[in-house]
Number of protein chains: 2
Amino acid sequence: MHMNPLDQRIVSCLVANARSSYAEVGKVVGLSAPAVKRRVDRLLDRGVLRGFTAVVDPEALGWGTEAFVEVHCRGNVSPSRIRARVEPLPEVVAAYTVTGAADAIVHLRAADIHQLETALERLRGLDIVDRTVSTVVLSRLLDRPPAAGGG
Amino acid sequence: MHMNPLDQRIVSCLVANARSSYAEVGKVVGLSAPAVKRRVDRLLDRGVLRGFTAVVDPEALGWGTEAFVEVHCRGNVSPSRIRARVEPLPEVVAAYTVTGAADAIVHLRAADIHQLETALERLRGLDIVDRTVSTVVLSRLLDRPPAAGGG
DNA sequence: ATTGAAAGCTCCGCGGG
DNA sequence: CCCGCGGAGCTTTCAAT
């Protein structure tokens, strides 16, 4: 899955502003608009680019409270089964299997502490879950898109 | 910080696809293209919408390895100072102040374990940092955009 | 990769609810 | 205040070279 430097710069532009026109991107990377579109289409096909989304202030949406939850499972549970269990919970923003004592880390986002507690109860109620260790976020210090040319 | 239902639906559309035309969004929400643009501009002004970005497969970019790092600081360090220190590190994707024993959680993303280790060393070398506890991600089970109408 | 042309979109001002 | 209308200018998306 290699990406040549030109593709990297195109992706960079679109990460910075997904609503740039192809012509605008072309001006930056030194290509014509049709050439840029062809490359973007190919990147979408290969799954390098997954799509384009708006970045929303979570506070404004009423999702101001978040937490990271270490999930400890009973016995051996496969990652796919963990995924299947946590995926239906709408407050789950992300989930990872991890090294260390915990089996997974679940990133929760809710409107307030109360809704967060409710989400936690549902999470803890899952049959695969033995216990959880929650860390509530007090403030988001930094939250940025990955740099495309950073590797 | 109110968002009327019309704005919510517009935001929803743009979260789903940030490259939709205003006309396309307008067709969904029942507005003309100029009306949609005016609302989007206002949402951008108010900071409800922070921008538009491409969603990239981290693997494809060569950022396949990530970790969550609990940062424990020496003495009392203000959130803004933590932010100022970790912000220059390019591997830092996000950072939060949190409840519990740790002062902050830092989300790192790197090309491989080696680069992750380097990033960790730099993080641990910061003057504010006393010690760190790292949790390396084995697999990303779930990673989804926040639902706009979910609150 | 570039050119040319048709279709579509954006973005401005204007008038009406 | 917010909406929809209309026109100028630009972008996208083909095709062909």
Side-chain angles (χ1 to χ4, degrees), chain A residues 1-64 111 144-151, chain B residues 1-57 60-62 145-151:
Chain A
M1 282 305 169
H2 276 157
M3 238 183 32
N4 75 38
L6 218 55
D7 288 332
Q8 284 193 11
R9 287 168 63 201
I10 292 174
V11 169
S12 241
C13 286
L14 292 172
V15 166
N17 179 11
R19 283 185 79 81
S20 317
S21 69
Y22 293 127
E24 215 165 342
V25 175
K27 222 174 292 176
V28 173
V29 305
L31 250 55
S32 69
V36 173
K37 180 186 165 18
R38 275 180 53 124
R39 290 184 115 94
V40 170
D41 285 346
R42 228 187 44 208
L43 291 168
L44 284 166
D45 271 354
R46 296 194 317 186
V48 174
L49 277 174
R50 291 189 177 169
F52 306 96
T53 188
V55 181
V56 182
D57 180 12
E59 305 275 349
L61 271 182
W63 294 85
R144 64 178 164 207
Chain B
M1 222 57 92
H2 274 165
M3 235 181 41
N4 91 31
L6 219 56
D7 288 332
Q8 283 193 12
R9 288 167 63 199
I10 291 173
V11 169
S12 244
C13 285
L14 292 172
V15 166
N17 180 9
R19 284 185 78 81
S20 317
S21 68
Y22 295 126
E24 212 166 342
V25 174
K27 222 174 291 175
V28 173
V29 306
L31 251 56
S32 70
V36 173
K37 181 186 163 16
R38 279 193 283 259
R39 288 183 113 96
V40 170
D41 285 345
R42 224 186 41 202
L43 290 168
L44 284 167
D45 271 354
R46 294 197 316 187
V48 174
L49 277 173
R50 292 191 174 169
F52 306 96
T53 188
V55 181
V56 181
D57 180 12
L61 269 182

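Chain naming here is simple, since letters A, B, ... match the order of the sequence lines and numbering starts at 1 in each.
- When the C1' atom of C:dG8 is taken as reference, atom CZ of B:R19 falls 14 Å away, rounded to whole Å.
- Put simply, CG on A:D41 is 13 Å from C1' on D:dC14, counting in whole angstrom units.
- If you measure from atom CD of A:E24 to atom P of C:dT10, you get 13 Å, rounded to the nearest angstrom.
- For A:L31 and C:dT2, the CG to P distance is 7 Å, given to the nearest whole Å.
- Of all non-hydrogen atoms in B:C13 and B:V29, the two that sit nearest each other are SG-CG1, 4.4 Å.
- Residue-to-nucleotide proximity on DNA chain C shows that, of A:L6 and B:P34, the 5′-proximal contact is made by A:L6.
- Between the side chain of A:R9 and the backbone N or O of A:V28 there is at least one donor-acceptor pair closer than 3.5 Å.
- Proximity of A:S32 to the phosphate of C:dA1: no side-chain N or O atom is located under 4.0 Å from OP1 or OP2.
- With B:R19 contributing its side chain and A:S20 its backbone, the two residues share a donor-acceptor pair below 3.5 Å.
- When the P atom of C:dT2 is taken as reference, atom NZ of A:K27 falls 15 Å away, rounded to whole Å.
- Between B:K37 and the phosphate of C:dC11, there is a side-chain N or O to OP1/OP2 separation shorter than 4.0 Å.
- Environment of CZ in B:R42: crowded, with over 12 heavy atoms of neighbouring residues, nucleotides or ligands closer than 6.0 Å.
- The side chain of B:A35 sits closest to D:dG4 out of D:dT11, D:dG4, D:dT13.
- Atoms CG (B:N4) and P (D:dC2) sit 10 Å apart, rounded to a whole Å.
- For B:Y22 and C:dT10, the OH to P distance is 7 Å, given to the nearest whole Å.
- In this structure, B:R42 reaches the sugar-phosphate backbone alone: every heavy-atom distance under 4.0 Å involves primed, P, OP1 or OP2 atoms, never a base.
- Nucleotide D:dC5 holds its P atom 11 Å from the CZ atom of B:R38, rounded to whole Å.
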